[in-house]
Amino acid sequence: MAEPKSNELMEKIVSLCKRRGFIFQSSEIYGGINGFWDYGPLGAELKRNVKELWWRTMVHNREDVVGLEATIIMAPQIWRASGHVDTFSDPMCDCRVTGKRFRADQVDPQSGWVAKFAGAVDFDLFQKLASEGESPERSTIWQRVDLAPHLRRVLMCGPQSSPDAPTGFFEMTSSYDLEMEESIRILAKSGVIGEVSTEPFLAMEIGDNPKSFTWIATGRGTNRTIKVAQEFYRRRGIKKPLVFAVGLQREDNSQRFNPENGAELTPPRPFNLMFKTYVGPVESEDNVAYLRPETAQAIFAQFKNVLETSRQKAPFGIAQMGKAFRNEVTPRNFTFRSREFEQMELEFFIKPDEVIEAIKCSVSSVQSESSELKTENLKLETSSAWGWKEWHKYWVEERIKFYESIGLPRTTLEEYWQKPEELAHYARATVDILFKFPFGTQELEGIAARSDFDLSQHERFSGKPMGVFDDELRAVWGKLDEAKQKELWQRYHDARHKYLTKTGVPAEQAARDAKEDADGLAKGNYIPHVIEPSAGVDRLILALICHAYSEDQAPDEKGKMESRVVMRFHPRIAPVKVAVFPLLKNKPDLVTKAKEVRDQLRPHMTVFYDETGAIGRRYRRQDEAGTPFGITVDFDTLGEKGPELKDTVTLRDRDTMKQERVKIGELLPMLLEKVR
Ligand code: GAP
């Protein structure tokens with residue numbers, strides 16, 4: 001899906017992120033580095049909060065999920081087994097003039113007139129030959145019988161009389177043919193026309209008005225396609241290119257041209273997105289390693305270790321968060337598509353449906369097979385009779401609930417059930433959770449049902465068994481009637497056989513292995529299947545920032561309304577939970593009391609203390625930072641207006657701007673309830 005360009009709102013958001021210290025361009029003092037971003041003080045807090053909540057929700061609050069923290073660089077065989085070495089690529093094309101690289105499916109479609117060029121010669125030499133042709137008897141070249149007819153053929157077309165000459169061209173729409181090409185080749189070979197190129201090239205005069213392209217019809221001189229073509233041939237060694245224009249045709253919504261200059265793009269080629277490096281001092285092929293492009297594979301590679309040490313049994317999950325690296329062809333839309341980013345991934349291992357059926361007699365079925373099926377009404381108590389489809393829908397719903405709990409309402413999200421032809425090679429089904437970003441509705445998280453693909457791949461590539469033993473299965477298998485055993489055996493066998501043949505295992509071996517795997521059921525053995533909710537931290541941060549950004553009107557010091565920017569973060573994720581202000585900086589009693597309040601709250605939440613500037617300005621600064629609560633210590637706090645208000649403060653709500661008087665002693669429980 002082509003991602004639209006940023007819009008005005010995005011520009012405001014990007015500027016606020018820099019101004020307030022949420023997100024900076026990486027290496028900014030050196031002009032930045034494309035696709036890399038740093039988080040400033042507020043951004044770092046926001047990110048920590050989000051990750052901490054994800055971990056709490058996915059790991060700490062559950063009985064059935066444990067954590068993992070693996071290395072970024074792992075054995076390169078992992079990426080061969082996972083398919084990343086062979087298939088983790090984007091179609092990429094390059095501008096044939098500037099070399100700029102584009103993701104082929106993300107080139108903005110263009111409409112216009114496409115000029116075809118067959119080659120170029122050097123203008124000065126050609127002019128000289130043309131003028132010698134006026135009196136051939138004085139020219140040695142025109143006297144040569146092997147060259148003169150070819151010169152004549154080419155010059156017959158004559159450079160267009162262009163006011164911009166020598167930036168001229170040959171218009172050969174009707175007369176360029178194979179004979180002409182042969183003549184040019186002979187002249188080129190003889191060296192009489194200096195540098196020459198017969199490399200074909202296309203350029204588009206971008207624009208919707210068909211009349212905008214007039215050069216061929218009127219000979220009114222050069223337009224952009226000619227200039228672009230000349231640049232193309234100049235880069236191929238022709239100093240002053242005179243180009244051969246041999247055709248012109250209309251093309252609409254084409255992704256074959258560089259939107260910036262109209263030059264032809266190379267045909268798409270796969271480009272592997274993994275960053276390569278070398279382990280150890282020798283930069284040889286044997287020492288190549290990759291920065292991980294996803295955190296998931298470490299979970300599969302460590303599956304047996306975690307299983308054995310955590311005393312978990314399927315269904316159970318392993319969660320990991322951490323950096324991932326992808327050499328994206330076109331990083332864009334701020335942090336949305338970065339080259340270094342963080343993921344929060346869960347691999348949830350479940351029993352294959354055949355095993356559930358053996359143990360429970362049947363698998364809980366979904367109400368409908370429809371890919372349109374929504375999950376809103378799904379009940380969330382898990383069941384040991386669930387098959388992969390239930391688990392898949394369960395995790396979609398759980399993840400949406402998580403987003404709601406940190407302030408992204410369901411209305412800002414969309415579920416997209418991928419069509420069969422869109423599925424990755426390992427996926428049985430994938431649901432993307434999309435967020436309505438200002439630049440379009442785009443993926444926030446993918447929840448894939450990955451079958452037993454990954455564990456099977458690692459079993460094959462490492463030679464280490466990845467299956468589990470299930471005593472329940474072992475106990476029930478013998479009690480099943482023969483027909484049921486046969487039916488389950490056959491289904492498991494067929495699925496294994498399909499996987500083995502799809503991954504290129506020779507037929508005989510596939511048949512043998514599939515039978516062995518299916519025979520394993522009777523002994524209580526199987527390879528677990530996986531449901532994978534995989535979220536990007538940075539994309540989520542961007543979604544939260546975009547959703548939080550708002551502009552409204554607020555009164556200034558004198559009660560006059562002014563516009564304010566306010567980041568309406570949910571208090572649970574807000575970088576700073578509460579700001580504490582003494583009303584006046586130069587009143588020591590107020591300052592002392594305010595610092596007392598700050599110190600009371602600080603062990604429990606992030607507190608920002610600010611005593612500089614007018615109180616309205618200080619509120620505004622915190623509104624922009626997204627701080628949900630502001631506490632002001634004033635003269636009432638000191639008991640100057642009577643004992644009943646002593647040791648009370650005003651508590652201001654960022655969103656409603658309402659202020660209430662609260663006893664200092666009640667602040668902590670009151671705030672904790674709101675920010676946890
Ligand atoms: N293990 C599965 C996996 O990695 P993915 O759809 O390629 O699946 C999962 O990535 C999530 O990681 C995406 O939904 C997105 O949030 C995040 N992500 C992927 N590529 C990203 C990039 N270049 N920049 C920022 N986030 C990215």
Side-chain angles (χ1 to χ4, degrees), residues 1-11 90-120 160 162-164 167-174 176 199-236 241 243-271 328-333 336-337 419 421-422 437-442:
M1 200 190 313
E3 285 161 26
K5 293 218 175 86
S6 299
N7 52 23
E8 203 184 312
L9 174 58
M10 265 324 283
E11 276 162 30
D90 275 343
M92 170 224 76
C93 48
D94 299 332
C95 172
R96 292 189 68 199
V97 172
T98 61
K100 185 168 171 181
R101 188 155 282 187
F102 295 84
R103 219 175 102 167
D105 55 345
Q106 287 182 354
V107 177
D108 290 335
Q110 307 294 331
S111 300
W113 289 93
V114 177
K116 189 173 171 195
F117 297 93
Q160 291 290 318
S162 157
D164 294 336
T167 52
F169 62 96
F170 277 121
E171 191 261 288
M172 300 175 133
T173 315
S174 51
Y176 191 85
E199 201 177 331
F201 175 70
L202 300 175
M204 179 186 262
E205 180 74 14
I206 295 165
D208 272 328
N209 177 8
K211 290 195 182 127
S212 70
F213 202 108
T214 52
W215 59 271
I216 291 215
T218 65
R220 269 200 300 178
T222 55
N223 69 358
R224 192 164 76 153
T225 60
I226 292 168
K227 288 190 177 137
V228 170
Q230 286 173 327
E231 185 55 30
F232 174 81
Y233 291 110
R234 201 171 290 124
R235 286 174 188 231
R236 275 149 189 81
V243 297
F244 302 103
V246 295
L248 185 66
Q249 69 182 48
R250 179 86 193 159
E251 211 166 306
D252 290 308
N253 295 320
S254 171
Q255 291 186 297
R256 288 202 300 153
F257 300 93
N258 180 350
E260 289 155 18
N261 61 6
E264 186 184 5
L265 299 170
T266 58
R269 278 180 287 130
F271 168 71
E328 298 283 359
V329 179
T330 44
R332 65 200 291 177
N333 286 328
F336 179 83
R337 190 178 299 288
K419 300 191 186 83
E421 65 273 18
E422 292 170 325
F437 288 97
F439 47 81
T441 302
Q442 298 283 335

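In what follows, every heavy atom counts, from backbone to side chain, and hydrogens, waters and symmetry copies are set aside. Nothing fancy with the numbering, it's 1 onward along the sequence.
The side-chain contact (heavy atoms from CB on, under 4.5 Å) check on E251 picks up V114, M204, Q249, S254, R256, F257, with sequence neighbours excluded. P91 meets the side-chain contact (heavy atoms from CB on, under 4.5 Å) test with A104, D105, P268; sequence neighbours excluded. Checked against side-chain hydrogen bond (donor to acceptor under 3.5 Å, both in side chains), D90 has the following partners two or more places apart in sequence or in another chain: R103.
Using a 4.5 Å heavy-atom cutoff, the side chains of F232 and E199 are in contact. A 4.5 Å side-chain heavy-atom check between F271 and V329 finds at least one atom pair inside the cut-off.
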### Task
Would you check, one step at a time, whether the test side-chain contact (heavy atoms from CB on, under 4.5 Å) holds for F437 with N333?
CA-CA 10 Å; F437 288 97; N333 286 328; over 6 Å; no

### Task
Mind running ring pair (Phe, Tyr, Trp, His ring centres under 6.0 Å) on Y233 and F117 for me, showing each step along the way?
CA-CA 10 Å; Y233 291 110; F117 297 93; 7.2 Å; no

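Among all heavy-atom pairs drawn from R235 and V97, the shortest one is NH1-O, 2.8 Å. The shortest non-hydrogen separation linking N253 to S111 is N-OG, 3.0 Å. Heavy-atom minimum distance, R332 versus F336: O-CB, 3.8 Å. Residues M10 and P438 approach most closely at SD-CG, 3.7 Å, considering heavy atoms. Considering every non-hydrogen atom in both F201 and A229, the closest pair reads CE2-CA, 3.6 Å.
Here CZ of R96 is found 12.5 Å from CG of N261. Values are rounded to the nearest 0.5 Å. Here Q110 contributes atom CD and N258 contributes atom CG; the two are 8.5 Å apart, rounded to the nearest 0.5 Å.
The backbone N or O of E205 lies less than 3.5 Å from no partner atom in the side chain of T225, so there is not a single donor-acceptor pair.
Salt bridge annotation for E231-K227: absent, with no cationic side-chain nitrogen under 4.0 angstrom from a carboxylate oxygen.
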